[in-house]
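Report on the following structure.
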There are 2 protein chains.
Amino acid sequence: MGTHLHHPTLKKNQQLVQDVLLASSSPLSAYSILDVLRDQGFRAPLQVYRALDKLVEFGLVHKLESLNAFVACSHEECELDEPAAFMICETCEGVSELNDSKLTGYLGKLASKENFTLKHTTVELHGLCSNCE
Amino acid sequence: MGTHLHHPTLKKNQQLVQDVLLASSSPLSAYSILDVLRDQGFRAPLQVYRALDKLVEFGLVHKLESLNAFVACSHEECELDEPAAFMICETCEGVSELNDSKLTGYLGKLASKENFTLKHTTVELHGLCSNCE
DNA sequence: TGAAAAATGTAATGTTATTACATGTCATTT
DNA sequence: AAATGACATGTAATAACATTACATTTTTCA
């Protein structure tokens, strides 16, 4: 099922960025991460973007396209396929990651019905979480 | 079924922006639209963004979050609910808009299962269309 | 027709992301 | 150990996307 192999040991900048994301209860923009990491010597956006690129590639971090922001993957070992969907609370900014194979399967069916070769899906649900309702 | 009422007559800038989008075979960024409309007197991004805001509100235009770009709605009368999904070809940049009530329904079910009050969905499928495969 | 609401014009600024180029680190091979 | 090659990092500049602020004009409609 899983497509991600064991990811390599993280490099210094990758680990720093990952730690910032893990410590956050909501998605962060690259520039917010940069601000947090100025103390540890980060000076330029590219340092963050490069680390994020790798973390996304390893499946440890996901980009939320509708927010231009990034979240740490919420599945411990991160060897799953890409998540089916994210639910994003407009109030508390909390994000929950869904791995729903029925959804994934149905999106695949929609695509193949049109002979569309599916490479990547972005599913982001905006609204209010149960706490904030 | 539909949530959009008849939209009002478009204002000058709204109509200009809409015409540019209708004439395009692929999504356009706000700045691309601005470039096209310089001849008709547009000078600033805000003129485009304001028109886009209204067009999106009327359901005549959709924003593709994963591209930071905009497309004209492909349903003539545009009185439907928001589209269920977009399929975006990485090669030709063509976009097809899906109105699939089963998908919409299933996303609603996923949300209510978690007591999440759904306000808006972003579903964007990236890959290769049948022509480009 | 006159007041309120909506649309427009323009400048400045804020936010997100990439290009270009130089340097550093580390494992492998000889 | 020196040479190589691959990858990671540092830094500056710029590009691309979007909003705030404020002045003015147009439209709506009571």
Side-chain angles (χ1 to χ4, degrees), chain A residues 5-21 24 26-58 60-71 88 90 93 120 122 124 126, chain B residues 5-21 24 26-58 60-71 88 90 93 120 122 124 126:
Chain A
L5 302 182
H6 293 283
H7 56 75
T9 305
L10 297 183
K11 299 303 176 185
K12 185 174 154 233
N13 288 358
Q14 294 161 11
Q15 189 64 60
L16 287 166
V17 168
Q18 169 77 331
D19 289 346
V20 171
L21 286 175
S24 173
S26 53
L28 296 176
S29 73
Y31 279 76
S32 302
I33 296 169
L34 176 58
D35 285 342
V36 172
L37 289 175
R38 288 206 194 271
D39 293 342
Q40 349 278 320
F42 273 47
R43 324 258 24 165
L46 191 50
Q47 295 177 286
V48 177
Y49 282 109
R50 285 202 276 228
L52 286 171
D53 283 350
K54 286 297 181 183
L55 292 168
V56 168
E57 182 186 324
F58 300 154
L60 295 174
V61 165
H62 307 298
K63 178 173 187 181
L64 300 175
E65 298 288 351
S66 59
L67 299 178
N68 294 317
F70 301 83
V71 279
I88 302 166
E90 289 170 351
E93 308 206 280
H120 178 72
T122 297
E124 299 174 13
H126 286 255
Chain B
L5 303 181
H6 293 281
H7 57 75
T9 305
L10 297 183
K11 299 302 177 185
K12 184 173 155 238
N13 287 359
Q14 294 162 10
Q15 188 64 61
L16 287 167
V17 168
Q18 170 77 331
D19 289 346
V20 171
L21 286 175
S24 172
S26 54
L28 296 176
S29 73
Y31 278 75
S32 301
I33 296 170
L34 176 58
D35 285 342
V36 172
L37 289 176
R38 287 203 194 272
D39 293 344
Q40 350 278 320
F42 274 46
R43 321 287 303 113
L46 191 50
Q47 296 177 287
V48 177
Y49 282 109
R50 283 202 278 228
L52 286 170
D53 283 350
K54 286 298 181 184
L55 292 168
V56 168
E57 182 186 324
F58 300 154
L60 295 173
V61 165
H62 306 298
K63 179 172 187 183
L64 299 176
E65 297 290 350
S66 59
L67 298 178
N68 295 318
F70 301 83
V71 279
I88 301 165
E90 287 170 352
E93 308 207 279
H120 178 73
T122 297
E124 299 174 12
H126 286 254

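Just so we're on the same page: letters track the sequence lines, and every chain starts at 1. Quick caveat: nothing in here was measured; it's all calculated off a predicted structure. Every heavy atom of this structure was used, including side-chain atoms; hydrogens, water molecules and symmetry mates were not.
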Given B:Phe42 and B:Val17, is the side chain to side chain contact (heavy atoms under 4.5 Å, CB included) satisfied, shown in steps? CA-CA 10 Å; B:Phe42 274 46; B:Val17 168; 4.2 Å; yes
Derivation and outcome, side chain to side chain contact (heavy atoms under 4.5 Å, CB included), residues A:Phe70 and A:Leu28: CA-CA 5 Å; A:Phe70 301 83; A:Leu28 296 176; 5.9 Å; no
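Computed from coordinates, the A:Gln40 CD to D:dG10 C1' distance equals 16 Å when rounded to whole Å. Taking atom CG of residue A:Leu34 and atom C1' of nucleotide C:dT16, one finds them 12 Å apart after rounding to whole Å. In this structure, CG of B:Leu16 is placed 15 Å from P of C:dA7, rounded to the nearest angstrom. Atom CG of A:Leu37 and atom C1' of D:dT9 are 14 Å apart (whole Å). Rounding to whole angstrom units, CG of residue B:Asp53 and P of C:dA6 are separated by 15 Å. Straight-line distance from the CG atom of B:Leu28 to the P atom of D:dA16: 15 Å, rounded to whole Å. Rounded to an integer number of Å, the gap from A:Leu52 CG to C:dT18 P is 11 Å. As a whole-Å value, the separation of B:Leu10 CG from C:dT8 C1' is 15 Å.
In this structure, B:Glu93 CD and B:Leu64 CG are separated by 11.0 Å, a value rounded to the nearest 0.5 Å.
Recorded end-axis angle for the helix from C:dT1-D:dA30 to C:dT30-D:dA1 stands at 30°, based on five pairs per end and rounded to 10 degrees.
Closest approach of B:Leu34 and B:Pro45 over heavy atoms only: CD2-N, 3.8 Å. Closest heavy-atom contact between A:Ser24 and A:Ser26: OG-O, 2.5 Å. The shortest non-hydrogen separation linking A:Pro27 to A:Ala69 is CB-CB, 3.7 Å.
Side chains of B:His126 and B:Ser66: a donor on one and an acceptor on the other come within 3.5 Å.
Shown for residues 63-71 of chain A: residues whose heavy atoms fall under 4.0 angstrom of DNA chain C, namely A:Lys63, A:Asn68. Residues from residues 41-51 of chain B that place a heavy atom under 4.0 Å from any atom of DNA chain C, listed by number: B:Arg43, B:Ala44, B:Leu46, B:Gln47, B:Arg50.
With B:Gln47 contributing its side chain and B:Ala44 its backbone, the two residues share a donor-acceptor pair below 3.5 Å. Checked by atom type and distance alone, the side chain of A:Glu124 pairs as donor or acceptor with a backbone atom of A:Glu65 at under 3.5 Å.
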Write out a two-atom table: protein N or O, nucleotide N or O from nucleotides 24-29 of chain D, distance below 3.5 Å.
from	atom 1	to	atom 2	distance (Å)
D:dT27	O3'	B:Lys11	NZ	3.4

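Applying the side chain to side chain contact (heavy atoms under 4.5 Å, CB included) test between A:Leu21 and each of A:Ile33, A:Leu16, A:Val71 identifies A:Ile33 as the sole match.
The salt bridge (Lys or Arg N to Asp or Glu O under 4.0 Å) check on A:Asp35 picks up A:Arg38, with sequence neighbours excluded.
Donor-acceptor pairing under 3.5 Å, judged by distance alone, is present between the side chain of A:Tyr31 and the base of C:dA17.
Sorted by first then second residue, the side chain to side chain donor-acceptor pair (under 3.5 Å) pairs that include residues 9-21 of chain B, not counting sequence neighbours, are B:Gln15-B:Asp19.
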